[in-house]
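These numbers were taken from a predicted model, which means no experiment stands behind them.
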Amino acid sequence: MRLLIVEDDPVLSDGLQVGLTACGWTVEATTRIEDALAALESSAFDAVVLDLNLPDGDGLQVLRFVRQRDMDVGVVILSARDESRDRIGGLDAGADDYVGKPFDLDELAARLRAVRRRLLGRSRPALTHKDVTLDPKARLAWRGEEDLPLSRREFAILEALMERPSAVQSRSQLEERLYGWQEEIGSNAVEVHVHHLRAKLGSAFIRTVRGVGYTLR
């Protein structure tokens with residue numbers, strides 16, 4: 001999962017980046033509405049963790065931007081504005097969830113996973129394709145009854161493909177899932193990770209659609 005954090009408190013933002021990156025996700029952060037809108041226009045994100053009290057206005061502007069453009073992005077508001085009317089206003093404006101500050105990081109991560117499942121139209125927390133199962137929370141994988149050892153980026157690619165097994169995902173889409181803004185990307189990084197996955201899963205598990213990308217079917 002690729003996340004955008006919109007939070008102007010540097011200590012909290014850093015803590016969120018560290019904690020959510022430890023969940024195996026690629027996490028970017030901005031402090032202003034203007035930067036958040038630019039990021040959403042130029043990059044693909046699975047979810048946004050959104051503060052409301054931002055230096056250049058109300059964070060609900062970001063939520064409206066996402067909903068008006070019908071972006072396939074989950075939005076979880078994370079705000080000190082935690083009265084009932086604030087929660088109702090945020091949820092009615094289109095937020096997928098609303099978490100008040102102070103908060104528990106593990107609970108926030110669980111809520112993000114739940115939002116992602118709803119967007120993908122599935123109820124079970126585990127992902128399964130053929131004889132392979134992934135547990136996104138524990139970051140564990142199995143093939144049949146045997147553990148399947150995967151690197152962080154191998155897991156991320158396989159998770160992305162198993163979330164939408166019928167879709168073809170391009171190299172650039174997978175790169176965005178794997179790498180943050182500041183990380184250098186090798187010219188054939190995705191191909192290398194796919195090669196390693198095929199060595200573990202069999203050459204037929206991941207299919208290449210020439211000139212387009214990768215899919216499981």
Side-chain angles (χ1 to χ4, degrees), residues 1-121 136 156 159-160 163-164 169 172-183:
M1 182 153 55
R2 190 163 192 245
L3 303 177
L4 177 65
I5 297 170
V6 189
E7 169 60 62
D8 66 321
D9 182 327
V11 175
L12 179 54
S13 179
D14 288 347
L16 285 167
Q17 289 181 72
V18 170
L20 296 176
T21 298
C23 294
W25 301 330
T26 299
V27 183
E28 311 292 358
T30 64
T31 60
R32 301 175 62 85
I33 293 169
E34 179 183 7
D35 296 333
L37 300 186
L40 287 163
E41 281 193 316
S42 62
S43 301
F45 292 92
D46 298 305
V48 179
V49 177
L50 178 64
D51 188 18
L52 296 182
N53 298 320
L54 296 167
D56 53 341
D58 191 326
L60 287 177
Q61 294 178 51
V62 177
L63 175 59
R64 295 188 187 103
F65 178 88
V66 169
R67 297 302 176 236
Q68 287 169 1
R69 286 157 179 78
D70 199 26
M71 293 179 170
D72 187 21
V73 180
V75 179
V76 176
I77 293 174
L78 180 65
S79 178
R81 284 158 47 180
D82 195 32
E83 294 186 11
S84 178
R85 67 173 181 271
D86 297 313
R87 289 175 173 269
I88 292 169
L91 293 169
D92 281 348
D96 295 282
D97 205 343
Y98 198 116
V99 179
K101 298 177 182 176
F103 64 97
D104 181 86
L105 183 63
D106 289 337
E107 180 184 351
L108 175 62
R111 288 175 180 269
L112 284 164
R113 287 191 293 269
V115 166
R116 184 63 178 158
R117 288 197 300 273
R118 289 198 297 273
L119 287 174
L120 293 170
E159 182 182 25
E163 283 179 346
R164 293 189 172 100
Q169 300 195 46
S172 61
Q173 286 176 308
L174 294 173
E175 284 175 346
E176 286 195 333
R177 186 77 174 246
L178 297 178
Y179 297 95
W181 289 332
Q182 308 303 320
E183 294 182 274

Flag side-chain contact, heavy atom, 4.5 Å: [X] against [Y]:
| X | Y | result |
| --- | --- | --- |
| L52 | D58 | yes |
| L16 | L78 | yes |
| I88 | Y98 | no |
| S13 | Q17 | yes |
| L20 | L112 | yes |
| E41 | F65 | yes |

For the student: nearest non-hydrogen atoms of [X] and [Y], plus distance:
| X | Y | answer |
| --- | --- | --- |
| L60 | A93 | CD2-CB, 4.4 Å |
| A160 | L174 | CB-CD2, 3.9 Å |
| S79 | D51 | CA-OD1, 4.0 Å |
| A95 | L63 | N-CD2, 3.6 Å |
| V115 | G74 | CG1-CA, 3.8 Å |

D70 atom CG, over 12 foreign heavy atoms within 6.0 Å: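 Open.
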CD/E34: more than 12 non-hydrogen atoms of other groups inside 6.0 Å: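 No, because the 6.0 Å sphere around CD of E34 holds 12 heavy atoms or fewer from other groups.
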[atom1]/[X] to [atom2]/[Y] distance, rounded to the nearest 0.5 angstrom?
| X | Y | atom1 | atom2 | result |
| --- | --- | --- | --- | --- |
| R2 | S43 | CZ | OG | 4.5 Å |
| T26 | M1 | OG1 | CE | 10.5 Å |
| R81 | N53 | CZ | CG | 5.0 Å |
| C23 | L105 | SG | CG | 6.5 Å |
| L54 | Q61 | CG | CD | 9.0 Å |
| W25 | D46 | CH2 | CG | 10.0 Å |

Is it true that a side-chain atom of [X] and a backbone atom of [Y] form a donor plus acceptor pair closer than 3.5 Å?
| X | Y | value |
| --- | --- | --- |
| R116 | A47 | no |
| D56 | R32 | no |
| R67 | G94 | yes |

R87 with D82: basic N within carboxylate O range, under 4.0 Å: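 Yes, this pair counts.
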Ion pair R118/D97, N-O distance below 4.0 Å: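 D97 and R118: not salt-bridged.
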Intermediate values then yes/no, side-chain contact (heavy atoms from CB on, under 4.5 Å), V48 and L40: CA-CA 9 Å; V48 179; L40 287 163; 4.0 Å; yes
side-chain hydrogen bond (donor to acceptor under 3.5 Å, both in side chains), paired with E163, selected from R117, R177, Q169: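 Testing each of R117, R177, Q169 against E163, the sole residue satisfying side-chain hydrogen bond (donor to acceptor under 3.5 Å, both in side chains) is R177.
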Name of the residue among V75, T30, V62 meeting side-chain contact (heavy atoms from CB on, under 4.5 Å) with L4: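 Running side-chain contact (heavy atoms from CB on, under 4.5 Å) over V75, T30, V62 with L4 returns exactly one hit, T30.
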